[in-house]
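Report on the following structure.
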Amino acid sequence: MAYPKKKVAFHTLGCKLNFAESSAIARSLPPERFERVTAEDAADIYIINTCSVTDAADKKCRQAIRKFIHRSPGAFIAVVGCYSQLKPQEIATIPGVDLVLGSNEKFDLASYLEAQDKHKHAEVHSGILSGNDRFYPSFSSGDRTRSFLKVQDGCDYGCSYCTIPMARGKSRNPSIGLLMEEARKIADQGIKEIVLTGVNIGDFGRSTGETFTDLLKELVNTRGIERIRLSSVEPNLLTDEIIGMVATGNKLLPHFHIPLQSGSNKILGLMKRRYRREVFAGRVYKIRELMPFAGIGADVITGFPGETDADFKDTFDFLEGLPLSYLHVFSYSERPGTVAEGLPMKVPPGEKELRSHRLAQLSDLKTTRFCELNTGRKAMVLFEKEGSENIIAGFTENYIRAEHPFTGGLDGTLREVILTGISESGNMTCEIKTEL
């Protein structure tokens, strides 16, 4: 006897890695039993893939869980991912949650959905991570323009503020051969751009005796893939060879996101980062030397324990003097079980907010200057779906978001444009130079 398919919806929070994994998990569900719908549709089962990088991320996860429970009280609610790995019992106490799966267990979701009846109490499966955890291949699909390809997972760095090693385990990766198979699957879907993602992608090869540059050399030969974008690479792992490959290649895009976290060497030491600020500056200037128009972004944490006014000024002045395109600014969030939790000289919340605001303003200024630098230049834009106010937008090679009046047939295509100015939204306007 055939039973009707259950409608399943995914809601993903956090990083690009989570989106890649949600897509892979969705593809693992037997199509004869499950039909995927959007999170805005009425579903029988809601899968919430969580993030736990900050206290604010935990809060967003709880809000999302309660939203779907309130909207569909009869639906089966499964919560998976990093928050589920770190705080499974906390999630299990939320009335209406039926299933909690940790970082490894989420990839076996189908077996836990054999029975989808509402539970009186949440069922929890969140095992302890070890040095022998598997690597689960993942890439995102369903977007005509780009796919996030997971090339690495876990982290061995042990930064004093971070719970990622507790949530995802040790650094590990698959073979280049397996990733080439994944890349070909992406190309077969007509997707033009791959974004390489992971927790610490520059650490690729630890499991297999290969290197990140070995991977890049192979991926650029993937037929059908026209652009390869790197996600965050640690400054001590961003080698001259990698920078040179981007500068001389056609597929590797001139866009670098380099986590700095602090411009004070004292604070970097307290954070247990593996470099000093001079290493970061050296990477930025090397990129600028070879690629004057490359997009360069950085992560910065403000209000870390022990960060004085003088330390913050050190960071601000350091960043102000560097030719960056943008900053991702985070207020320090204390995470249970980390070394930083026990550090003295906590920065008051109001001061953290003020410092974050100042750096956000600096980021806006740098973005504007970078756009002005690029005004009048040619670029290749990979256009996405129609946005608001009858425009269509996409990203240039160097990660500038460019807008154009909506035109049918642009979605999912690469077009040569001239960047003409800055729009009211802060993006760039463009004129298309190639025929449709």
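Here the structure is a predicted model, which is why all the values come from computation and not from measurement. Basis for what follows: all heavy atoms, side chains included, without hydrogens, waters or symmetry-related copies.
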Tell me the closest heavy-atom pair linking [X] and [Y], and the distance in Å.
X    : Y    : value
V97  : A122 : O-CB, 3.3 Å
E403 : N427 : OE2-ND2, 2.9 Å
V151 : N173 : O-CB, 3.4 Å
S22  : F10  : O-CE2, 3.9 Å
C61  : C51  : SG-O, 3.1 Å
I301 : M271 : CB-CE, 4.0 Å

Centres of the H11 and F68 rings: under 6.0 Å?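 Yes, the ring of H11 comes within the 6.0 Å limit of the ring of F68, centre to centre.
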Y326 and H328 aromatic centres sub-6.0 Å: yes
For a quick check under 3.5 Å, do [X] and [Y] share a side-chain donor-acceptor pair by atom type?
X    : Y    : result
S425 : S423 : yes
D98  : H121 : no
R335 : S52  : yes
S147 : E193 : no
Y83  : E90  : yes
N398 : T396 : yes
D133 : N104 : yes

What do the steps show when you test V8 against V37 for side-chain contact (heavy atoms from CB on, under 4.5 Å), and what is the final call? CA-CA 6 Å; V8 181; V37 298; over 6 Å; no
Tell me whether R27 at atom CZ has more than 12 heavy atoms from other residues, nucleotides or ligands lying less than 6.0 Å away. yes
Checking side-chain contact (heavy atoms from CB on, under 4.5 Å) for the pair L178/S175: CA distance, chi angles, key distance, verdict? CA-CA 5 Å; L178 186 147; S175 68; 3.6 Å; yes
Once the angle between the rings of F204 and F212 is folded into 0 to 90°, is it parallel (under 30°), tilted (30 to 60°) or perpendicular (over 60°)? tilted
Between the side chain of [X] and the main-chain N/O of [Y], is any donor-acceptor distance below 3.5 Å?
X    : Y    : answer
S23  : F19  : no
N265 : R277 : yes
E182 : P137 : no
S333 : T54  : no
Q85  : G81  : no
S356 : K352 : yes
T308 : G306 : no
S126 : L101 : no
K251 : I225 : yes

Just how far is it from atom CD of Q261 to atom OG1 of T302, taken to the nearest 0.5 Å?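 The OG1 atom of T302 is 11.0 Å from CD of Q261, to the nearest 0.5 Å.
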Could you grab the distance from atom CD1 of I191 to atom CZ of R227, nearest 0.5 Å is fine?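 It comes to 13.5 Å.
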Do [X] and [Y] touch side chain to side chain, with heavy atoms closer than 4.5 Å?
X    : Y    : value
C430 : F383 : yes
T50  : V79  : yes
K59  : R62  : yes

Please assess S171 against N200 for the test side-chain hydrogen bond (donor to acceptor under 3.5 Å, both in side chains), listing each intermediate value before the final yes or no. CA-CA 8 Å; S171 180; N200 185 1; 5.9 Å; no
For a side-chain hydrogen bond (donor to acceptor under 3.5 Å, both in side chains) check, start with the C-alpha distance between E40 and T38, then their side-chain angles and the critical distance, and finish with the verdict. CA-CA 5 Å; E40 304 308 314; T38 73; over 6 Å; no
Let me see the working for R274 and E234 under salt bridge (charged side-chain N to carboxylate O under 4.0 Å, His left out), right down to the final yes or no. CA-CA 9 Å; R274 297 193 177 192; E234 294 284 315; over 6 Å; no
Among [options], whose side-chain contact (heavy atoms from CB on, under 4.5 Å) with [X] holds?
X    : options          : answer
E307 : K346, M345, R355 : R355
F148 : T197, N18, L196  : T197
I258 : I296, L324, V233 : I296

Test salt bridge (charged side-chain N to carboxylate O under 4.0 Å, His left out) applied to E181 and R184, step by step: CA-CA 5 Å; E181 292 177 15; R184 285 189 284 269; 5.3 Å; no
Answer yes or no for [X] and [Y]: cation-pi contact, defined as NZ/CZ to six-membered ring centre under 6.0 Å and angle to ring axis within 45°.
X    : Y    : value
K150 : F135 : yes
R401 : F395 : yes
R358 : F316 : yes

For ring pair (Phe, Tyr, Trp, His ring centres under 6.0 Å), just list the numbers for F293 and H255, CA-CA rounded to whole Å, side-chain angles, deciding distance to a tenth of an Å, and then say yes or no. CA-CA 9 Å; F293 296 98; H255 169 219; over 10 Å; no
Could you walk me through whether K5 and E32 pass the salt bridge (charged side-chain N to carboxylate O under 4.0 Å, His left out) check? CA-CA 7 Å; K5 292 183 181 181; E32 66 275 10; over 6 Å; no
Looking at residues at least two apart in the chain, or sitting in another chain, which of them share a side chain to side chain donor-acceptor pair (under 3.5 Å) with R134? none
Verdict with supporting geometry, D311 and K266, salt bridge (charged side-chain N to carboxylate O under 4.0 Å, His left out): CA-CA 8 Å; D311 296 325; K266 183 193 95 175; 2.6 Å; yes
Within residues 163-199 or reaching into it, pairs that qualify as ring pair (Phe, Tyr, Trp, His ring centres under 6.0 Å) - sequence neighbours excluded: none
Quickly, which of Y332, F330, F312 forms a ring-ring contact (aromatic ring centres under 6.0 Å, His included) with F304? Name it, please.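 Passing option: Y332.
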Stepwise side-chain hydrogen bond (donor to acceptor under 3.5 Å, both in side chains) test for Y136 and D108: CA-CA 10 Å; Y136 295 90; D108 197 24; over 6 Å; no
Would you sort out whether V100 and E123 count as a side-chain contact (heavy atoms from CB on, under 4.5 Å), showing the intermediate values? CA-CA 6 Å; V100 182; E123 184 180 330; over 6 Å; no
Does this structure show an ion pair linking R146 with E384, if we count only N-O contacts that are shorter than 4.0 Å?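 Yes, charged N to carboxylate O under 4.0 Å.
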